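In this text the structure is predicted, and so the values were computed from the model without any measurement. Per chain, numbering begins at 1; letters A, B, ... match sequence-line order.
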2 protein chains.
Amino acid sequence: MRASDAAYTALQEEILEGSLPPGTVLGEVEQSQRLGVSRTPVREAFSRLVAAGLAVQHPRRGTVVTDISLEDVDRLFEVRIPLESQAASLAAQRGSAEVFTALAEEFDAAQLAPDAESHYRLAARMDQEIDAAVGNPYLSTMLSGLRVHLARVRRLAKDRPDRLARSAAEHRDICLGIASGDPQMAEAATRLHLRRSLGYISQQRQQLSEPEPAT
Amino acid sequence: MRASDAAYTALQEEILEGSLPPGTVLGEVEQSQRLGVSRTPVREAFSRLVAAGLAVQHPRRGTVVTDISLEDVDRLFEVRIPLESQAASLAAQRGSAEVFTALAEEFDAAQLAPDAESHYRLAARMDQEIDAAVGNPYLSTMLSGLRVHLARVRRLAKDRPDRLARSAAEHRDICLGIASGDPQMAEAATRLHLRRSLGYISQQRQQLSEPEPAT
DNA sequence: CATACCCCCAGTGTATACACAGAGGAGGCG
DNA sequence: CGCCTCCTCTGTGTATACACTGGGGGTATG
């Protein structure tokens with residue numbers, strides 16, 4: 001394992017997890033001491049964080065962790081919706097029906113016992129299969145760049161069990177669309193899912209601005 | 001100007017221009033001597049080239065300039081079409097009519113005197129205005145990442161004057177769609193333009209595989 | 001007392017030195 | 001004569017030293 005990779009992985013992890021909250025200034029010497037590597041790999045890790053959009057470099061002030069605001073969610077989905085729609089459409093044209101039929105059944109099962117962690121793990125596997133089916137490195141690269149930010153968005157929204165169950169059902173529909181080899185169905189199911197996801201997050205945004213109801 | 005930026009700019013320029021053809025192995029020491037900077041900024045430049053997709057790093061062989069094949073064009077357009085369509089649609093909703101009306105007139109004028117360089121410069125300005133109108137950093141970042149590769153594609157296709165004139169007309173239609181504030185018109189015009197661009201390139205691909213006719 | 005200038009320092013940008021790993025060639029052994 | 005092994009060399013990965021720039025604070029002067 002290269003030290004620069006280790007540094008990047010550690011920093012990305014901490015940013016996504018939240019232990020390095022937005023606004024944190026990352027000094028090269030500070031992080032190199034903390035991570036136990038030299039400044040050189042830390043510099044490289046910083047560059048990659050900036051390239052990924054997780055940090056910005058202020059000319060003489062160091063690199064600071066970027067903020068992921070609720071307004072960014074809209075911007076993110078403006079890119080995500082067309083890209084994932086296209087991916088689903090292409091996967092329907094190129095993917096193998098068996099793989100996605102199996103995935104659909106897994107989502108069906110998951111629908112009954114909603115669990116956040118296993119749900120996201122299954123969704124990640126679906127994304128992976130779609131990427132593989134599409135076979136477009138450019139698209140895969142962009143989507144993976146997007147998913148980093150979506151992981152941060154996830155921290156903004158609480159996962160209620162009913163939403164997880166619906167999400168699983170929507171994922172199942174996407175898989176069914178792909179498995180049936182119908183690009184338009186796959187795309188429509190994807191658009192539906194993403195609009196609903198966005199709607200759910202937006203709804204929570206409303207609730208966040210209001211005072212919290214008695215729990 | 002930082003040395004690392006200078007190194008990256010120089011290398012990117014040379015790769016896009018073709019003086020560093022695909023397959024070239026870039027050694028750190030070699031490039032640092034040639035560019036007159038140390039290995040450290042060269043390393044950073046290499047990282048950025050890899051992130052941009054212009055080079056890949058072979059474990060112990062150095063970083064080599066990637067190839068841009070004609071098959072890649074299809075993959076590229078599979079991403080480009082949905083992204084630019086979305087951008088045009090959003091620009092129609094958010095952009096100012098004056099800016100794009102003016103651009104449409106410029107394209108109209110350019111249609112009469114087709115010139116490759118000025119055409120691409122004008123098209124770049126349009127892209128810039130769309131980016132500004134959309135105001136979505138995620139979308140802009142992805143599009144700019146794509147445009148680097150599209151610049152390489154441009155070298156694969158010869159610009160015939162009649163194609164340039166048609167392209168100008170298609171750009172004009174996109175601008176008119178945006179200026180009229182009609183997202184669907186803007187998107188349709190964009191899709192039309194991109195399908196035609198792709199068709200033109202594919203057509204040239206056919207001709208490239210055939211023996212060249214007498215000039 | 002306020003403001004402007006200067007000095008100091010923190011931190012990054014760059015250069016260079018050192019370590020390590022893999023590949024290729026040459027030599028020895030079977 | 002062929003194959004295996006070891007050595008060397010090239011090139012990357014990492015560490016550290018040095019230079020420069022921008023900012024902040026302190027002091028002096030108006």
Checklist entry - Does any residue of residues 20-34 of chain A have a heavy atom under 4.0 Å from DNA chain D, and if so, which ones, in number order? => result none
Nearest to the side chain of [X] - [options]?
X	options	value
A:R43	D:dT14, C:dA15, C:dG13	C:dG13
A:P41	D:dT14, C:dA15, C:dT12	D:dT14
A:S38	C:dG13, D:dT14, D:dT16	D:dT16

Protein-nucleotide distance ([X], atom [atom1]; [N], atom [atom2]), rounded to Å:
X	N	atom1	atom2	answer
B:E44	C:dT12	CD	P	13 Å
B:Y8	C:dG13	OH	C1'	19 Å
A:Q57	C:dG11	CD	P	15 Å

Checklist entry - With B:R154, which residues qualify under salt bridge (Lys or Arg N to Asp or Glu O under 4.0 Å), at least two apart? => result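 By the salt bridge (Lys or Arg N to Asp or Glu O under 4.0 Å) rule, B:R154 matches no residue at all.
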Next on the checklist: Please enumerate all residues that pass salt bridge (Lys or Arg N to Asp or Glu O under 4.0 Å) together with B:D159, with sequence neighbours excluded.
Outcome noted: none
Polar atom pairs between nucleotides 17-24 of chain C and protein, under 3.5 Å, N or O only, would you list them?
none

Checklist entry - So how far off straight is the helix from C:dC1-D:dG30 to C:dG30-D:dC1, going by the axes through five pairs at either end, to 10°? => result 10°
Which residues share a side-chain contact (heavy atoms from CB on, under 4.5 Å) with [X], sequence neighbours left out:
X	answer
A:D131	A:S140, A:L143, A:R147
A:A52	A:Y8, A:L54
B:E78	A:Q86, A:L90, A:R94, A:N136, B:R75
A:S167	A:H119, A:R163, A:H171, A:H193

Checklist entry - With respect to the phosphate group of C:dT14, does any side-chain polar atom (N or O) of B:S4 fall under 4.0 Å of OP1 or OP2? => result yes
Item to check | With sequence neighbours excluded, residues passing side chain to side chain donor-acceptor pair (under 3.5 Å) with A:E98 | outcome: none
Item to check | B:D5/B:R48 salt bridge by N-O under 4.0 Å criterion | outcome: yes
Item to check | Under the ring-ring contact (aromatic ring centres under 6.0 Å, His included) test, residues paired with B:Y138 that sit two or more places apart | outcome: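 If we apply the ring-ring contact (aromatic ring centres under 6.0 Å, His included) test to B:Y138, skipping adjacent residues, the hits are A:H149.
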Checklist entry - Is a side-chain N or O of A:Q204 found less than 3.5 angstrom from the main chain of A:K158, in a donor-acceptor match? => result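 Confirmed, A:Q204 side chain pairs with A:K158 backbone.
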Using distance only, find each side-chain donor-acceptor pair of residues 15-30 of chain B under 3.5 Å and give its atom names and separation, not counting sequence neighbours.
residue: B:S19; atom: OG; partner: B:E14; partner atom: O; Å: 3.4
residue: B:T24; atom: OG1; partner: B:P21; partner atom: O; Å: 2.5
residue: B:E28; atom: OE1; partner: B:R39; partner atom: NE; Å: 3.0
residue: B:E28; atom: OE1; partner: B:R39; partner atom: NH2; Å: 2.9
residue: B:E28; atom: OE2; partner: B:R43; partner atom: NH1; Å: 2.6
residue: B:E30; atom: OE1; partner: B:G27; partner atom: N; Å: 3.2

